[in-house]
Amino acid sequence: MAGIEAGKKAAAIAAVNNHIKDGQVVGIGSGTTVVSAVQRIAERVKQENLKLVCIPTSFQAKQLILENNLVLGTLEQYPELDVAIDGADEVDAALTCIKGGGGCLTQEKIVANCAKEFIVIADER
């Protein structure tokens with residue numbers, strides 16, 4: 001399991017490093033991979049003094065944002081997002097993604113639709 005978790009963490013860090021920039025409004029998805037992404041966002045905010053607003057897709061995402069001392073926003077305040085980051089349960093060779101059928105799926109879709117760019121984090125599986 002350690003190899004799988006390392007792959008998920010590496011993918012999350014790469015997504016944040018390559019797509020998060022100062023001054024953005026960022027949608028924060030749900031799931032295990034997003035935990036690593038939020039931790040990396042928090043590191044970058046602290047190291048680089050980035051100014052970001054984070055919009056959660058779930059209670060879990062909201063808690064992650066608050067626990068990592070990131071600025072929390074809502075879709076009502078920021079209806080247009082620069083980027084949204086979320087994980088996928090499965091991605092095939094054609095890049096067709098399957099998201100879980102959990103309770104956050106509708107809010108994840110709404111946040112993704114409000115974003116100019118949607119980043120999916122997935123490992124090599």
Side-chain angles (χ1 to χ4, degrees):
M1 213 42 154
I4 292 169
E5 292 306 313
K8 290 166 74 172
K9 184 173 183 171
I13 289 170
V16 170
N17 289 347
N18 293 327
H19 298 282
I20 300 300
K21 297 170 183 56
D22 189 36
Q24 288 183 320
V25 178
V26 181
I28 302 294
S30 305
T32 57
T33 309
V34 174
V35 173
S36 295
V38 171
Q39 289 169 344
R40 180 61 185 145
I41 289 169
E43 288 172 0
R44 289 195 56 211
V45 164
K46 194 177 234 182
Q47 293 167 353
E48 301 170 38
N49 198 30
L50 299 180
K51 304 292 186 237
L52 304 174
V53 176
C54 298
I55 311 299
T57 61
S58 67
F59 178 77
Q60 177 210 22
K62 180 179 178 181
Q63 292 306 114
L64 279 171
I65 292 164
L66 294 173
E67 288 168 6
N68 284 278
N69 298 311
L70 298 170
V71 176
L72 176 67
T74 66
L75 282 177
E76 289 80 14
Q77 295 170 298
Y78 302 93
E80 288 187 23
L81 285 64
D82 296 295
V83 63
I85 295 182
D86 206 345
D89 294 321
E90 220 174 291
V91 181
D92 69 13
L95 299 180
T96 303
C97 296
I98 296 175
K99 292 284 299 157
C104 327
L105 187 57
T106 299
Q107 188 67 13
E108 288 172 342
K109 287 181 176 185
I110 292 168
V111 169
N113 192 55
C114 292
K116 295 174 192 166
E117 185 177 22
F118 181 56
I119 307 304
V120 176
I121 303 170
D123 62 45
E124 72 278 0
R125 296 175 296 144

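What you are looking at is a predicted structure, and each value in this text was computed from that prediction instead of being measured.
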Minimum-distance pair of heavy atoms, taken over all atoms of Leu75 and Gln107: CD1-NE2, 3.7 Å
Could you go through Gln60 and Val35, starting from their C-alpha distance and side-chain angles, then the distance that decides it, and tell me whether this counts as side-chain contact (heavy atoms from CB on, under 4.5 Å)? CA-CA 9 Å; Gln60 177 210 22; Val35 173; 4.0 Å; yes
Any sub-3.5 Å donor-acceptor pair from Asp82's side-chain atoms to Lys116's backbone N or O? no
Looking at CD1 of Ile28 and CD1 of Ile85, how far apart are the two atoms once the value is rounded to the nearest 0.5 Å? 6.0 Å
CD1-CG distance between Ile13 and Asn18, expressed to the nearest 0.5 angstrom: 11.5 Å
May I ask you to decide whether Arg40 forms a salt bridge with Glu43, counting only side-chain N to carboxylate O separations under 4.0 Å? yes
So CD of Gln63 and OG of Ser58: to nearest 0.5 Å the spacing works out to 9.5 Å
Is the side chain of Asn68 donor-acceptor paired with the backbone N or O of Leu70 at a distance under 3.5 Å, no angle test? no
Does atom NZ (Lys46) have a neighbourhood of more than 12 heavy atoms from anything else shown, all under 6.0 Å? no
Ion pair present between Lys51 and Asp22, side-chain N to carboxylate O less than 4.0 angstrom? no
Looking at every heavy atom in both Val111 and Pro56, which two are closest together, and how far apart are they? CG2-O, 4.1 Å
Given Leu52, which partner from the list Gln24, Lys21, Arg44 fulfils the side chain to side chain contact (heavy atoms under 4.5 Å, CB included) test? Gln24
Find the distance between CD1 (Ile119) and CD1 (Ile20) and round it off to the nearest 0.5 Å. 8.0 Å
Grab the two heavy atoms, one from Ala112 and one from Ala84, that are nearest each other, plus how far apart they are. CA-CB, 4.3 Å
Give, for atom CD1 of Ile55 and atom CD1 of Ile65, the distance between the pair rounded to the nearest 0.5 Å. 7.5 Å
Minimum heavy-atom separation for Ala12 to Thr33, with atom names? CB-O, 3.7 Å
Over all heavy atoms of both residues, which pair between Ala115 and Val83 is shortest? Give the atoms and the distance, please. CB-C, 3.9 Å
Report the C-alpha separation of Lys8 and Ile121 in whole Å, then their side-chain angles, then the decisive distance to 0.1 Å, and conclude whether the side-chain contact (heavy atoms from CB on, under 4.5 Å) test is met. CA-CA 8 Å; Lys8 290 166 74 172; Ile121 303 170; over 6 Å; no
Of all heavy-atom pairs linking Val26 and Leu81, the shortest is C-CD2, 4.1 Å
Could you tell me whether Gln47 atom CD has more than 12 heavy atoms of other residues or ligands within 6.0 Å of it? yes
